[in-house]
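This is a predicted model, so every value here is computed, not measured.
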Amino acid sequence: MFENLIEVLKANPRKIVFTEGHDARILEAAARLKKDGFLTPVLVGNVDVVKAEAAKGNFDIEGLDILDPATSDLMDEMVEKMVELRKGKMTAEECKASLAKGNYFGTMLVKLGYADALLGGATYSTADTVRPALQLIKTKPGANLVSSCFIMVRGDEMKVMGDCAINISYEDKLDKDGNVRLSAAAQLAEVAIETAKTAKVFGVDPKVAMLSYSTKGSGKGANVDLVRNATEIAKEMDPELAVDGEMQFDAAVSPVVGQLKFPGSKVAGYANTFIFPEIQSGNIGYKIAQRLGGFAAYGPILQGLNAPINDLSRGCDAEEVYQMAIITAALA
């Protein structure tokens with residue numbers, strides 16, 4: 001997978017912002033990316049501190065851009081742009097205070113086109129990475145929500161799982177008059193469509209299983225209805241996509257069980273892209289695959305934004321930073 005992504009990046013040079021430029025894990029990954037030469041890191045932080053930490057770890061970052069929010073000559077332009085984007089929700093002083101932080105400053109670098117992608121979260125929470133992205137980068141045209149997926153790799157096998165990190169649950173969104181503006185099922189369907197698109201970026205021909213505790217009506221209840229309705233909406237959104245549901249996990253992955261429980265389905269028994277009905281089952285599911293199934297988990301990969309912005313685990317190591325930088329930049 002990474003060989004293919006690196007070839008993509010060699011053909012399409014990209015810059016990626018690291019919001020925590022002083023962190024040793026970031027510096028190690030940045031030095032490795034610099035040496036490899038297919039992706040250009042940009043480090044956010046105090047120049048002296050970043051260089052001192054790099055020297056301490058013997059990481060060669062010579063020649064890389066290190067941008068300090070406190071001294072950047074881009075700050076006035078950034079403040080003006082953020083005031084415009086926040087549309088009266090924040091004053092210029094409030095915007096400047098936010099942009100003094102690496103997560104907001106780095107996100108604005110992407111917004112202004114200085115960089116193509118961003119990777120943060122080595123010390124920031126997921127919320128602190130996603131919030132600036134929602135406020136500054138915003139969702140892409142046609143997208144109603146941000147979601148995520150994990151790329152799961154074991155040898156030559158590759159599976160995709162979403163959403164395991166962002167959307168806690170799916171509830172109908174109402175307008176001010178109490179009418180349904182965006183149904184829960186439509187939101188889950190959008191997650192399925194976006195996850196299938198991400199799968200294609202990584203060379204997976206998506207066969208999408210909409211997961212449930214029910215297969216083709218074997219169970220009843222609101223949770224089953226949500227998944228069944230989302231499946232129908234997803235089919236309408238992309239008639240060419242191989243997507244089916246609702247189905248249990250065994251029906252999704254076992255050809256014998258799949259065709260017994262869901263005869264005639266082109267997905268049942270052969271699924272490689274799995275959509276969970278809420279975050280709890282999704283988070284549990286991908287971690288079972290990781291810890292008991294021997295799959296390496298890459299992500300969460302954020303979907304639905306106008307530019308590639310991804311979040312690291314605070315427990316990550318330099319290898320994970322390096323890999324997620326490649327994944328993030330390849331989405332640009």
Examine Leu241 and Ile275 and state if one hydrophobic cluster contains both, with Ile, Leu, Val, Met, Phe, Trp and Tyr joined whenever side-chain heavy atoms are less than 4.5 Å apart.
yes
Minimal non-hydrogen separation, Ser214 against Val224, with atom names
CB-CG2, 3.6 Å
So which heavy atom on Asn283 is nearest to which on Tyr286, and how close?
O-CD2, 3.5 Å
Trace of the side chain to side chain contact (heavy atoms under 4.5 Å, CB included) decision for Val160 with Phe274:
CA-CA 6 Å; Val160 186; Phe274 306 95; over 6 Å; no
Shortest non-hydrogen contact between Ala122 and Arg25, atoms and distance
O-NH2, 3.0 Å
Exceeds 12 heavy-atom contacts within 6.0 angstrom, atom CD of Glu157:
yes
According to a 4.5 Å side-chain heavy-atom criterion applied to Ile, Leu, Val, Met, Phe, Trp and Tyr, with indirect links allowed, do Leu182 and Met210 form part of one hydrophobic cluster?
no
Filter on side chain to side chain donor-acceptor pair (under 3.5 Å), then keep only pairs touching residues 288-301, sequence neighbours left out; what's left?
none
Val146 with Ile327, same ILVMFWY side-chain cluster at under 4.5 Å:
no
For Gln280, I'd like to know if atom CD has over 12 heavy atoms of other residues, nucleotides or ligands within 6.0 Å.
no
Is there a side chain to side chain contact (heavy atoms under 4.5 Å, CB included) between Phe202 and Asn4 once you walk through the steps?
CA-CA 8 Å; Phe202 294 94; Asn4 293 336; over 6 Å; no
Any cation-pi pair here, Lys15 with Tyr114, using under 6.0 Å and within 45°?
yes
Yes or no on side chain to side chain contact (heavy atoms under 4.5 Å, CB included) for Ile61 and Leu27, after CA distance, side-chain angles and deciding distance?
CA-CA 8 Å; Ile61 60 167; Leu27 289 165; 4.1 Å; yes
Can any side-chain N or O of Ser281 pair as donor or acceptor with the backbone N or O of Glu278 at less than 3.5 Å?
yes
Salt bridge between Asp60 and Lys34, side-chain N to carboxylate O under 4.0 Å?
yes
Check: Thr129 main-chain N/O paired with Asn103 side-chain donor or acceptor under 3.5 Å
no
Scan side-chain atoms only and decide if Thr231 and Glu246 contain a donor-acceptor pair under the 3.5 Å cut-off.
no
Indicate, with yes or no, if Leu312 and Phe59 share a hydrophobic cluster defined by side-chain heavy-atom contacts under 4.5 Å among Ile, Leu, Val, Met, Phe, Trp and Tyr.
yes
Side-chain (Glu232) to main-chain (Asn229) donor-acceptor, under 3.5 angstrom
no
Hydrophobic cluster membership, with links at side-chain heavy-atom distances under 4.5 Å among I/L/V/M/F/W/Y: are Val191 and Val130 in one?
no
Are the charged groups of Lys96 and Glu93 less than 4.0 angstrom apart, N to O?
no
Among Lys235, Lys266, Lys207, find the residue that satisfies the salt bridge (Lys or Arg N to Asp or Glu O under 4.0 Å) test when tested with Asp244.
Lys235
N/O donor-acceptor pair under 3.5 Å between Asp36 side chain and Phe38 backbone
no
Locate the shortest heavy-atom distance separating Leu211 from Ala252; write the atom from each residue and the value.
CD2-CB, 4.1 Å
Could you list the donor-acceptor pairs under 3.5 angstrom formed by side chains in residues 71-79, with sequence neighbours left out?
unit_1, atom_1, unit_2, atom_2, d
Ser72, OG, Leu74, N, 3.0

Looking at every heavy atom in both Ala185 and Ala230, which two are closest together, and how far apart are they?
O-CB, 3.4 Å
Decide yes or no for Met82 and Leu99: does some side-chain heavy atom of the first lie under 4.5 Å from some side-chain heavy atom of the second?
yes
Say whether, by atom type as modelled, one donor and one acceptor occur between the side chain of Gln187 and the main chain of Ser183 under 3.5 angstrom.
yes
For Ala143 and Gly304 the tightest heavy-atom approach is CB-O, 3.6 Å
More than 12 foreign heavy atoms under 6.0 Å from CG of Asp156: is that the case here?
no
Looking only at atom types and distance, does a side-chain atom of Arg154 sit under 3.5 Å from a main-chain N or O of Ala296, one as donor and one as acceptor?
no
Is a donor on one side and an acceptor on the other found under 3.5 Å between the side chain of Asn179 and the backbone of Asp175?
no
Any donor-acceptor pair under 3.5 Å linking the side-chain atoms of Glu194 with those of Ser147?
no
Roughly how far, to the nearest 0.5 Å, is SG of Cys164 from CD1 of Ile279?
8.0 Å
Please walk me through it: do Leu145 and Glu190 pass side chain to side chain contact (heavy atoms under 4.5 Å, CB included)?
CA-CA 8 Å; Leu145 75 164; Glu190 186 173 317; 3.2 Å; yes
Side chains of residues 255-264: which donor-acceptor pairs under 3.5 Å do they make with residues two or more places apart or in other chains?
unit_1, atom_1, unit_2, atom_2, d
Gln259, OE1, Gly264, N, 3.2
Gln259, NE2, Ser265, O, 3.1
Gln259, NE2, Ala268, O, 3.0
Lys261, NZ, Gln248, OE1, 3.0
Lys261, NZ, Asp250, OD2, 3.2

Less than 3.5 Å apart, any donor N or O on the side chain of Thr123 or Glu20 sitting next to an acceptor on the other?
yes
Between Tyr213 (side chain only) and Lys220 (backbone N and O only), is there a donor and an acceptor less than 3.5 Å apart?
yes
Would you check if the side chain of Glu53 reaches a backbone N or O of Asp23 as a donor-acceptor pair within less than 3.5 Å?
no
Audit row: Arg131, Asp128, salt bridge (charged side-chain N to carboxylate O under 4.0 Å, His left out) steps and yes/no:
CA-CA 6 Å; Arg131 189 182 306 109; Asp128 285 337; 2.9 Å; yes
Out of Asp163, Leu118, Asn310, Thr198, which residue meets the side-chain contact (heavy atoms from CB on, under 4.5 Å) rule with Leu302?
Asn310
Please check: side-chain N/O of Glu94 versus main-chain N/O of Thr91, any donor-acceptor pairing under 3.5 Å?
yes
